[in-house]
Amino acid sequence: MSILGNMTWKEPNKKHVIARSSKIKASNCGHMYDVLDKVNDIEQGSLIKLGAFEDGELQVRKAETPTATDAIVFVCDDPFIYDESSAYAQNEYNFYNVKGKACRAYEIVKDDVIGVSDYAFTTKVGSTPAVGNIVVVDDNRLYKEIDKAQKDATLKTNGFVGEIIGFETYSFETIVLINVIQNTTIVAGA
């Protein structure tokens with residue numbers, strides 16, 4: 001038996017983020033990137049800032065942690081898990097992108113819809129994400145929910161802004177669907 005995916009079993013009781021890219025313009029005609037972080041594992045669904053090209057690489061870019069004002073790309077690699085030892089081993093929440101190995105990230109633009117597990121939210125307004133609330137990147141490449149009343153102010157201060165539009169159930173997991181409202185770099189004082 002071998003495990004050939006872009007993952008390992010270092011935390012067997014941790015659920016990793018499940019990501020969906022089914023309504024992204026880049027899957028048909030936009031940019032897809034190969035990104036690499038040599039220091040940190042990258043969760044599926046992570047929001048990262050594209051860095052410079054890796055030394056000696058012509059296609060692989062450095063995955064950087066964005067600030068609130070940065071434009072981002074959406075990490076969503078193919079979650080191949082070849083461990084057939086148990087049904088548990090095949091669960092998609094066991095997959096993540098290990099440090100030092102390139103993974104796929106998509107350019108996202110206004111009106112794209114992305115999906116991530118509800119546990120990808122490190123900050124929530126209530127006990128669970130709510131339709132209509134706003135989403136921005138947190139300090140750890142994941143998601144922060146903001147009350148919809150803060151939408152106008154958030155558009156001025158955050159490069160990536162999304163809106164929760166609904167939910168799907170996938171393998172007993174709740175996937176939060178986010179419509180992209182804005183994805184641009186905000187320049188201070190502009």
Side-chain angles (χ1 to χ4, degrees), residues 5-21 24 33-52 54 60-77 79 91-108 112-130 133-147 150-151 153-155 157-164 167 170 173-186 188:
N6 196 11
M7 46 72 73
T8 62
W9 291 105
K10 73 179 182 185
E11 297 178 74
N13 294 322
K14 179 181 181 192
K15 285 186 175 182
H16 296 282
V17 177
I18 297 172
R20 292 287 165 264
S21 64
I24 295 179
Y33 301 94
D34 292 325
V35 295
L36 175 69
D37 190 328
K38 293 180 179 176
V39 178
N40 303 297
D41 296 326
I42 302 175
E43 287 282 348
Q44 286 283 77
S46 288
L47 303 173
I48 63 167
K49 178 182 175 183
L50 282 178
E54 281 289 332
V60 179
R61 306 276 295 264
K62 294 178 182 176
E64 298 180 354
T65 300
T67 65
T69 59
D70 290 324
I72 53 86
V73 295
F74 177 69
V75 174
C76 191
D77 210 340
N91 288 325
E92 191 172 339
Y93 57 70
N94 289 319
F95 180 86
Y96 62 97
N97 302 288
V98 296
K99 64 184 171 187
K101 193 167 182 180
C103 60
R104 179 183 307 141
Y106 292 88
E107 170 187 39
I108 57 173
D112 281 349
V113 176
I114 59 176
V116 293
S117 314
D118 58 351
Y119 46 87
F121 285 79
T122 58
T123 304
K124 299 174 190 167
V125 174
S127 59
T128 61
N133 279 343
I134 303 304
V135 178
V136 297
V137 65
D138 73 358
D139 296 331
N140 295 307
R141 304 177 175 179
L142 292 176
Y143 298 80
K144 178 179 178 180
E145 181 185 21
I146 298 173
D147 189 275
Q150 301 298 317
K151 179 178 178 180
T154 303
L155 286 167
T157 58
N158 290 73
F160 168 74
V161 181
E163 178 182 7
I164 299 171
F167 307 94
Y170 171 79
E173 301 296 329
T174 300
I175 304 298
V176 180
L177 301 175
I178 302 164
N179 182 58
V180 177
I181 298 172
Q182 170 175 287
N183 188 27
T184 188
T185 300
I186 302 291

Participant: Looking only at non-hydrogen atoms, find the nearest pair between Val75 and Glu43 and report the distance.
Facilitator: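 Heavy atoms of Val75 and Glu43 come nearest at CG1-O, 3.9 Å.
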
Participant: List the atom of Lys124, the atom of Glu145, and the distance in Å for their closest heavy-atom pair.
Facilitator: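 Heavy atoms of Lys124 and Glu145 come nearest at CA-OE1, 3.4 Å.
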
Participant: Short question: side chain of Asp41, backbone of Lys99 - any donor-acceptor pair under 3.5 Å?
Facilitator: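 Here the side-chain-to-backbone pair exists.
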
Participant: Hey, mind stepping through Asp147 and Asn133 against side chain to side chain contact (heavy atoms under 4.5 Å, CB included) and telling me if it holds?
Facilitator: CA-CA 5 Å; Asp147 189 275; Asn133 279 343; 4.3 Å; yes

Participant: Any idea which heavy atoms bring Val180 and Asn183 closest together, and the distance?
Facilitator: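 That would be CG1-CB, 4.3 Å.
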
Participant: Applying side chain to side chain contact (heavy atoms under 4.5 Å, CB included) to Tyr33 and Glu107, what does each step give before you reach the verdict?
Facilitator: CA-CA 8 Å; Tyr33 301 94; Glu107 170 187 39; 4.1 Å; yes

Participant: Apply the side-chain contact (heavy atoms from CB on, under 4.5 Å) test between Val136 and each candidate in Leu47, Asn158, Thr123; give the one that qualifies.
Facilitator: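 Exactly one pass, corresponding to Asn158.
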
Participant: How long is the straight-line distance from CD1 of Ile108 back to CD of Gln182, given to the nearest 0.5 Å?
Facilitator: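 The distance works out to 11.5 Å.
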
Participant: State, with a plain yes or no, whether a side-chain heavy atom of Ser117 is found less than 4.5 Å away from one of Thr174.
Facilitator: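 They are not in side-chain contact.
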
Participant: What verdict does the side chain to side chain contact (heavy atoms under 4.5 Å, CB included) test give for Ile18 and Tyr119, after you've listed the backbone C-alpha separation in whole Å, the side-chain angles of each residue and the deciding distance to 0.1 Å?
Facilitator: CA-CA 9 Å; Ile18 297 172; Tyr119 46 87; 4.1 Å; yes

Participant: Just how far is it from atom NZ of Lys49 to atom CZ of Arg141, taken to the nearest 0.5 Å?
Facilitator: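 Going from NZ on Lys49 over to CZ on Arg141, the span is 12.0 Å.
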
Participant: Looking at CD1 of Ile178 and CD1 of Ile134, how far apart are the two atoms once the value is rounded to the nearest 0.5 Å?
Facilitator: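 If we round to the nearest 0.5 Å, Ile178:CD1 and Ile134:CD1 are 10.5 Å apart.
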
Participant: Let me confirm one number: the CD1-NZ distance from Ile181 to Lys151, rounded to the nearest 0.5 Å.
Facilitator: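 NZ of Lys151 is found 4.5 Å from CD1 of Ile181.
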
Participant: Minimum heavy-atom separation for Leu177 and Val113, please, with both atom names.
Facilitator: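 Nearest heavy atoms, Leu177 then Val113: CB-CG1, 4.3 Å.
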
Participant: Looking only at heavy atoms, which two atoms of Ile42 and Cys103 are closest? And how far apart?
Facilitator: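 Smallest heavy-atom distance, with atoms named: CD1-SG, 4.0 Å.
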
Participant: Any donor and acceptor pair, going by atom type alone, linking the side chain of Arg61 with main-chain N or O of Val35 inside 3.5 Å?
Facilitator: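 No, the answer is negative, given that no donor and acceptor are paired below the 3.5 Å cut-off.
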
Participant: Could you give the distance from CD1 (Ile24) to CD1 (Ile114), rounded to the nearest 0.5 Å?
Facilitator: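 The CD1 atom of Ile24 sits 6.5 Å away from the CD1 atom of Ile114.
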
Participant: Anything under 30° is parallel, anything over 60° is perpendicular, the rest tilted; go ahead and classify Phe160 against Tyr143.
Facilitator: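 Correct class here is perpendicular.
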
Participant: Say you draw a straight line from CD of Glu163 to OG1 of Thr154; how long is it, rounded to the nearest 0.5 Å?
Facilitator: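 Here the interatomic distance stands at 11.5 Å.
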
Participant: Run the salt-bridge test on Lys101 and Asp77 with the 4.0 Å N-O cut-off and return the result as yes or no.
Facilitator: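 No salt bridge links Lys101 with Asp77.
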
Participant: Given side chain to side chain contact (heavy atoms under 4.5 Å, CB included), test Asp138 with Phe121 step by step and report yes or no.
Facilitator: CA-CA 9 Å; Asp138 73 358; Phe121 285 79; over 6 Å; no

Participant: Which pair of heavy atoms, one from Phe74 and one from Ser21, lies closest together, and at what distance?
Facilitator: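 Taking every non-hydrogen atom into account, CE2-CB, 4.2 Å.
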
